[in-house]
Amino acid sequence: MKLFSDSIQSLENALAYSSLKQKTISNNIANVDTPNYKAQEVSFKSEFDRATLQARRSDARHFEFKRGRSNIEVNTRATTSYNHNGNNVDIDKEMAEMAQNQIYYNVLVDRMNSKFNSLKEALKGGN
């Protein structure tokens, strides 16, 4: 019997992604004036790697669903340069991404709390 569902594992992976993204954005903002600093961004190696879906392939042309931990990567944006000193951090973009990521993280935490509260109620017998 599995005590915790796959959805809790998915939430854990999403929280890890959001946490790493927050650290990366903070690092970019901290280096906004550093000469030749290249901004970094967090991405998933593959959208289907992060999914913990169960599905049956009815055709060989369909995408294959995989299970397991997501492959989160930190990539450097080396092809652009916004400032005269070689720095490519766009502070407005970074601040917008930080706000968006904070909302995403809060939603994930609320969902995780809801899952654990449901589990707690089930253990108490609904009293």
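Because the structure is predicted, anything quoted here is derived from the model rather than measured.
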Closest non-hydrogen atom pair between Asn85 and Asp33, with its separation:
ND2-O, 3.8 Å

Evaluate the side-chain proximity of Asp90 to Glu94: yes if any heavy-atom separation is below 4.5 Å, no if none is.
no

Has Ser18 got a side-chain atom pairing as donor or acceptor with Ala14's backbone, closer than 3.5 angstrom?
no

Nearest-0.5 Å distance that lies between atom CG in Asn88 and atom OG1 in Thr76:
9.0 Å

Is any side-chain heavy atom of Ile91 closer than 4.5 Å to one of Ile29?
yes

Should we count CD of Gln100 as having more than 12 external heavy atoms under 6.0 Å?
no

On a heavy-atom basis, the closest approach of Gly86 and Lys38 is O-NZ, 2.7 Å

How close do Gln22 and Asn101 get, heavy atom to heavy atom, and via which atoms?
OE1-ND2, 2.8 Å

Distance only, no hydrogens: is a donor on one side chain within 3.5 Å (strictly under) of an acceptor on the other, for Asn87 and Thr34?
no

Taking every non-hydrogen atom, the tightest pair across Lys21 and Val42:
CA-CG2, 3.6 Å

Treating Ser19 as the side-chain partner and Leu15 as the backbone partner, does any N or O pair qualify as donor plus acceptor under 3.5 Å?
no

Do Tyr104 and Tyr17 come within less than 4.5 Å of each other through their side chains, counting heavy atoms only?
yes

Is there side-chain contact between Arg77 and Asn28, with at least one heavy-atom pair below 4.5 Å?
yes

Has Lys93 got more than 12 heavy atoms of other residues, nucleotides or ligands less than 6.0 Å from its NZ?
yes

Is it possible for you to say whether Met95 and Tyr105 belong to one hydrophobic cluster, with membership spreading through side-chain heavy-atom contacts below 4.5 Å?
no

Do you see a donor-acceptor pair shorter than 3.5 Å between the side chains of Glu121 and Asn117?
no

Between atom CG of Asn13 and atom CG of Leu108, what is the distance when rounded to the nearest 0.5 Å?
10.5 Å

When rounded to the nearest 0.5 Å, the distance separating CD of Gln40 from CG of Leu20 is 9.5 Å

Rounded at 0.5 Å granularity, tell me how far CZ in Arg111 sits from CG in Leu11.
7.0 Å

Taking atom types as modelled, is there a side-chain donor on Glu41 or Asn75 under 3.5 Å from an acceptor on the other?
no

Would you kindly confirm whether Ile8 and Val109 end up in one hydrophobic cluster when ILVMFWY residues are joined by side chain heavy atoms under 4.5 Å apart?
yes

Side-chain donor-acceptor pair present, Asn31, Asn27, cut-off under 3.5 Å:
yes

